[in-house]
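Working notes, structure below.
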Amino acid sequence: DAGVIQSPRHEVTEMGQEVTLRCKPISGHNSLFWYRQTMMRGLELLIYFNNNVPIDDSGMPEDRFSAKMPNASFSTLKIQPSEPRDSAVYFCASSLRAWDNQPQHFGDGTRLSIL
Amino acid sequence: AQSVTQPDIHITVSEGASLELRCNYSYGATPYLFWYVQSPGQGLQLLLKYFSGDTLVQGIKGFEAEFKRSQSSFNLRKPSVHWSDAAEYFCAVFNAGNMLTFGGGTRLMVKP
């Protein structure tokens, strides 16, 4: 079975540009999570969705960050405008259900570099 | 609020030696605990989980972990390390709000 699929794997862009990261969760999974990983702060949860509805976005750093999940098989994380401090690896994860502690399955991440 | 501490940032062991990675958590209720492994350039892969019951849980790749409530610990062990085990290991605790809180990670290096 296909796991969580993220694209692109790598993104290099100049500051001020819009960046869109994409995620396809595992089919049948109802919860989707976006994480950011940096050396300084480790793994941080940015936002998660349950049945395509954003449940908790308290980890989103600021208004420049937005996430959507238009359907059960696709989500985007957008940064506009991007800044060098946004450089990190962004992971998407999905799980079967949100309410009984189902393990999260992670994608391979998008390594983002903002110049 | 819940938190997870992995006291060792780096650990180096010889191939064939035993391994123990430490994890301490802080959580008010019964914790749901996980260990994940991250190989370079890859996402996180679930090694094992503890929800309830037997405090010694078996995972994939020959790993096991023991939940000790009195010590608020969930240490990961492997009797004999292989070179392919070199990676970063993350302990995580799961709360009722469906939020995973990760420790800072322990980078394992394996000497030949």
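Note on naming: letters A, B, ... go to the chains in the order of the sequence lines (proteins, then strands), and numbering restarts at 1 for each one.
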Exercise. Side chain from CB out, backbone as N, CA, C, O: work out which of these in B/L46 comes under 4.5 Å of a heavy atom of chain A, or both, or neither.
Key: side chain
Quiz item: With only heavy atoms counted, which part of B/Q45 is less than 4.5 Å from chain A, the side chain, the backbone, both or neither?
Solution: neither
Quiz prompt | Lys/Arg-Asp/Glu bridge criterion (N-O < 4.0 Å) met for B/D8, B/R22 | solution = yes
Quiz prompt | Proximity breakdown for A/R9 and chain B, heavy-atom pairs closer than 4.5 Å | solution = side chain
Quiz item: Given a strict heavy-atom distance threshold of 4.5 Å, which part of A/Q37 is in contact with chain B: side chain, backbone, both, or neither?
Solution: side chain
Quiz item: Under 3.5 Å, is there a donor-acceptor pair between the A/N71 and A/S73 side chains?
Solution: yes
Exercise. Over 60° means perpendicular and under 30° means parallel, so classify the ring planes of A/H105 and A/H29, tilted if in between.
Key: tilted
Quiz prompt | Geometric class of the A/Y35/A/F106 ring pair [parallel <30°, tilted 30-60°, perpendicular >60°] | solution = tilted
Exercise. Specify which of A/G107, A/C92, A/G109 makes the most heavy-atom pairs with chain B at under 4.5 Å.
Key: A/G107
Quiz item: Do B/F51 and B/F34 have side chains that get closer than 4.5 Å, going by heavy atoms?
Solution: yes
